[in-house]
2 protein chains.
Amino acid sequence: MVARRATVRDMRRSNRAVLLSKIYLDGPLSRHELTQLTSLSPASVSTLVAEFIEEGLVEEAGSVESDGGRPRVLLRVAPSFGHVIGVDVGETRVTVELFDMSMAALAKADYPIEPNQLEPKVTVAHILEGITAVCAQAGVDQSTVLGVGVAFPGVVDSGEEGLVHAQHLGWADGVPIGTMLRAGTQIPVHIDNGAKTLGQAEMWFGAGRGTQHAVIALVGSGVGAAVVADGASYRGSRSSAGEWGHTTLVYGGRRCRCGALGCLEAYVGAEGILDRYRDANGRSAPGIDEESAIGALIAAADSSPTASEVLNQTVGYLGAGIATLINLFNPERIVLGGWAGTALGGRWLPEIRAAAAKHALKLPFAQTTITLCELGPDAVALGAATLPVARLLADGGLRPAAAAQAALVRGPRVRIPPR
Amino acid sequence: MVARRATVRDMRRSNRAVLLSKIYLDGPLSRHELTQLTSLSPASVSTLVAEFIEEGLVEEAGSVESDGGRPRVLLRVAPSFGHVIGVDVGETRVTVELFDMSMAALAKADYPIEPNQLEPKVTVAHILEGITAVCAQAGVDQSTVLGVGVAFPGVVDSGEEGLVHAQHLGWADGVPIGTMLRAGTQIPVHIDNGAKTLGQAEMWFGAGRGTQHAVIALVGSGVGAAVVADGASYRGSRSSAGEWGHTTLVYGGRRCRCGALGCLEAYVGAEGILDRYRDANGRSAPGIDEESAIGALIAAADSSPTASEVLNQTVGYLGAGIATLINLFNPERIVLGGWAGTALGGRWLPEIRAAAAKHALKLPFAQTTITLCELGPDAVALGAATLPVARLLADGGLRPAAAAQAALVRGPRVRIPPR
DNA sequence: GAGACTTATTTCATATCATAAAATCGAGGC
DNA sequence: GCCTCGATTTTATGATATGAAATAAGTCTC
């Protein structure tokens with residue numbers, strides 16, 4: 001951790017962040033409870049909460065009688081304090097969703113991407129149009145939108161430009177999506193990888209709640225993971241950590257679409273499963289798209305020995321892949337998600353656990369629980385929308401702009417010279 | 001990250017920590033330079049440094065002329081402020097080493113472990129005896145020892161008890177080494193895994209210097225890794241993160257000594273290499289122990305096609321294993337170490353890099369440099385000795401005991417009641 | 001060799017902040 | 001109406017970093 005110098009102001013911001021995060025994530029809570037949970041003094045809690053209420057960030061939400069004494073007043077982050085937008089850029093469509101602070105969905109817009117229109121410009125236009133559209137649809141002024149989170153299927157390099165490398169969109173070279181979006185809207189933009197935003201959603205509202213160390217393992221057409229360490233997303237030096245799908249599982253094995261041999265994705269990704277089935281069976285599983293084909297395969301597991309065999313193998317590979325995560329990250333919890341992961345886990349979770357046990361070290365395995373995700377793949381946009389909220393919480397509710405403005409209004413302090 | 005409430009005192013401790021760490025890790029530095037590097041005000045630097053000097057933590061170390069102005073006075077952490085001890089518990093011996101604050105070695109003691117005397121009690125006795133011995137040898141009073149860091153070959157569960165699970169020592173069940181050691185000495189005890197302490201040494205004094213995200217990949221008889229994220233050791237929920245050796249590399253492959261099939265260690269660990277050579281060659285590589293056998297094998301690479309073949313395969317496996325680290329952790333740097341890793345890397349580093357490139361995703365691979373370690377396996381004890389130093393720096397030089405005592409001396413503040 | 005100049009460090013007055021202690025509030029019980 | 005109890009707010013205080021001004025410690029110029 002890079003420690004930074006601290007001033008009294010940083011202290012206040014930090015305490016505001018602690019308090020606000022507690023109210024948001026574990027609220028509604030009374031001042032008294034907040035005192036205990038944050039170990040701040042009652043005086044500080046009182047002062048800070050008064051500030052929050054003054055700013056419209058927090059509001060009172062009923063009270064709880066306490067036998068004999070003054071009742072506790074419950075506090076929550078005001079759902080109407082502002083709005084956030086989450087965008088899920090998929091391989092076939094762009095989904096834009098508007099939420100209030102409580103993450104209640106207010107409006108939604110969908111833009112199919114034509115396979116021949118994969119240019120970044122088109123995607124950016126869809127996103128910008130979607131922002132306008134959802135705000136109009138819900139009758140919300142854009143100035144109340146705290147931020148837009150955008151999730152992409154690919155590696156998102158953190159940094160000013162917001163470089164996105166998305167092979168499946170044909171963006172091999174790194175598209176400066178951040179710069180492009182900021183040119184089209186005033187709203188603060190946050191960009192991240194879709195697996196990471198889905199992981200964030202599961203951490204806040206799904207199967208990851210209450211843990212500080214978790215890995216959200218996602219299996220769909222692609223295979224990826226979102227790693228959470230000490231309660232925060234693990235990003236590595238350039239934000240591309242967690243590329244689980246392309247770890248080598250079978251040295252020298254099947255060719256993966258990334259070009260390498262033996263990647264996990266080539267075995268447990270939807271395409272990998274279907275390819276292996278076709279190889280074993282002589283012809284493809286029925287189904288218009290991958291999703292229905294996998295569904296058909298799973299449905300056939302009882303009747304078709306080949307399907308059963310292929311899926312059993314898949315479970316074994318998946319377990320070994322999960323074991324790698326357990327050995328390397330030592331999480332409290334593995335959350336298995338993604339549409340294919342959910343489908344497999346729904347039926348074979350005990351077998352997946354057993355396969356992981358076979359390949360992981362005993363001690364870290366015993367410290368890990370393996371569960372299914374709770375939110376489903378649609379939560380990518382929800383997770384993206386949490387990005388500006390997370391920013392707000394980390395800043396203690398002091399929006400950077402507001403903070404800068406406050407400093408400006410206060411102005412350079414003029415000192416009266418001594419006589 | 002778990003944010004905690006902050007008080008003005010926390011602020012001071014934090015600023016002391018920032019300042020002291022800079023002086024220790026990048027020193028000697030002048031107050032002026034510290035002002036720029038920490039972004040603290042000159043006033044604060046001056047005050048804090050005065051405190052450090054008063055406490056004997058920091059001392060002046062010459063000055064640098066500056067053309068025209070007042071010369072800068074250089075500051076460094078006083079080497080004689082205190083001492084630290086590092087202990088390396090290996091499979092065959094216990095090494096205890098005494099250092100001053102500048103990590104200059106002052107004394108050393110060695111205790112061979114007889115194969116039939118693997119009981120924890122014996123090891124603990126060696127450590128305690130070693131502490132006394134090195135202090136006596138160097139004429140150092142034990143009260144000046146800030147702490148003892150002890151490195152074990154196995155999983156070390158953080159927490160009060162200091163549970164150590166070391167299969168190679170026959171300690172399968174978790175031995176409460178922390179409790180046992182604390183019963184025998186007053187000196188604060190820190191316990192960690194040997195790979196992690198070696199990694200720490202490389203980060204501070206070796207090939208990891210200057211990076212915030214690195215993985216120290218260690219290949220010897222066993223295979224492990226020390227992961228550093230954001231400048232701090234990545235531990236996971238229960239400190240056993242980084243068990244690289246038992247990630248599955250060849251699904252269904254060779255049996256590993258951990259019991260699973262296809263672990264990385266079964267292919268690139270010393271035993272794995274020698275076994276594969278024996279399988280290919282029909283008989284074992286010459287050598288009394290693993291280390292000389294591996295040395296002989298590498299020496300024979302030019303003349304023996306079989307040796308060459310086996311080592312080439314090893315390079316391929318190792319590259320794939322490194323690629324897994326790159327994909328999952330997205331480090332700035334991979335440092336290859338361990339005695340076997342150093343030997344292999346010394347000769348085939350370009351080939352290892354190429355093999356990693358073949359198995360890693362292009363983007364994270366391009367962001368990573370792969371280098372050899374600089375310190376050698378003896379640095380385990382050095383790394384262990386950095387644990388108490390790291391503690392001191394993180395606490396801003398306020399030893400917990402001293403801090404508590406200060407609070408005690410100050411006593412409960414008595415308030416004079418108003419008239 | 002004296003004064004000008006330059007750069008580093010220290011001193012001082014000030015504003016910010018969390019906190020302990022005391023006061024106040026809001027309800028039920030008698 | 002008065003008392004009790006627990007929650008919250010008010011008040012006085014001490015700790016802290018900081019900008020600005022002052023001071024220190026050299027070199028350079030003439």
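All chains are named by letter (A, B, ...) in the order of the sequence lines, taking the proteins before the strands, and each is independently numbered beginning at 1. Just so it is clear, the model here is predicted, and its values are computed rather than measured.
Between A/Glu161 and A/Arg182 no salt bridge is recorded (no basic side-chain N to carboxylate O distance below 4.0 Å). Taking a cutoff of 4.0 Å between a charged side-chain nitrogen and a carboxylate oxygen, B/Arg235 and B/Asp192 qualify as a salt bridge. For the pair A/Glu51 and A/Arg16, the salt-bridge criterion is met [side-chain N within less than 4.0 Å of a carboxylate O]. Using a 4.0 Å cut-off between charged side-chain N and carboxylate O, B/Asp26 and B/Arg76 make no salt bridge.
When the P atom of C/dT10 is taken as reference, atom CD of B/Glu51 falls 13 Å away, rounded to whole Å. Taking atom CG on B/Leu75 and atom C1' on C/dA8, their separation rounds to 12 Å, with Å as the unit. Look at CG on A/Asp10: it is 11 Å from P on C/dA18, rounded to the nearest Å. As rounded to whole Å, 15 Å separates atom C1' of C/dG26 from atom CG of A/Leu74. Distance A/Arg5 CZ to D/dT16 P: 17 Å, rounded to the nearest Å. The nearest whole Å value for the distance from the NE2 atom in B/His32 to the P atom in C/dT6 is 15 Å. Spacing between atom CG of A/Leu48 and atom P of D/dT9 amounts to 12 Å, rounded to whole angstrom units. Atom CZ of B/Arg13 and atom C1' of D/dA17 are 17 Å apart (whole Å).
Residue order along DNA chain D, read from the 5' end via each residue's closest nucleotide, puts A/Ser30 first among A/Ser30 and A/Ala6. The residue among B/Arg12 and A/Val45 whose nearest nucleotide of DNA chain D lies closer to the 5′ end is A/Val45.
The side chain of A/Asn15 places no N or O atom within less than 4.0 Å of a non-bridging phosphate oxygen (OP1 or OP2) of C/dC17. Remark: A/Arg9 is not in phosphate contact with D/dT18, judged by side-chain N or O atoms under 4.0 Å from OP1 or OP2. Contact check, A/Arg72 against D/dG6: no side-chain N or O comes under 4.0 Å of OP1 or OP2. Checking the phosphate oxygens (OP1, OP2) of D/dT9, a side-chain nitrogen or oxygen of A/Ser46 falls inside 4.0 Å.
Side chain to side chain, A/Ser44 and A/Ser41 meet the donor-acceptor criterion of an N or O pair below 3.5 Å. No donor-acceptor contact under 3.5 angstrom links the side chains of B/Thr197 and B/Gln200, judged on distance only.
Note that CG of A/Leu75 is 9.5 Å distant from CD of A/Glu33, once rounded to the nearest 0.5 Å.
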## Note on the structure
With B for base contact, S for sugar-phosphate-only contact and - for none (protein heavy atoms under 4.0 Å), nucleotides 24-30 of chain D reads BBBS---
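Applying side chain to side chain contact (heavy atoms under 4.5 Å, CB included) to B/Phe52 and the options B/Thr47, B/Val58, B/Val77 leaves one that passes, B/Val58.
At a threshold of 4.0 angstrom between heavy atoms, the contacts of B/Thr7 are confined to the sugar-phosphate backbone, with no base atom among them. Within the nucleic acid shown, B/Ala50 has no heavy atom closer than 4.0 Å to any nucleic acid atom.
Of the residues in residues 34-41 of chain A, those lying under 4.0 Å from DNA chain C by heavy-atom distance are A/Leu40, A/Ser41.
B/His190 has its side chain within reach of B/Arg391: a pair of non-hydrogen atoms, C-beta onward, lies under 4.5 Å apart.
Nearest to the side-chain atoms of B/Met11 among the listed nucleotides D/dT10, D/dT8, D/dT16 stands D/dT16.
In terms of the ring-ring contact (aromatic ring centres under 6.0 Å, His included) criterion, residue partners of A/Tyr24 (sequence neighbours excluded) are, by chain and number, A/Trp204.
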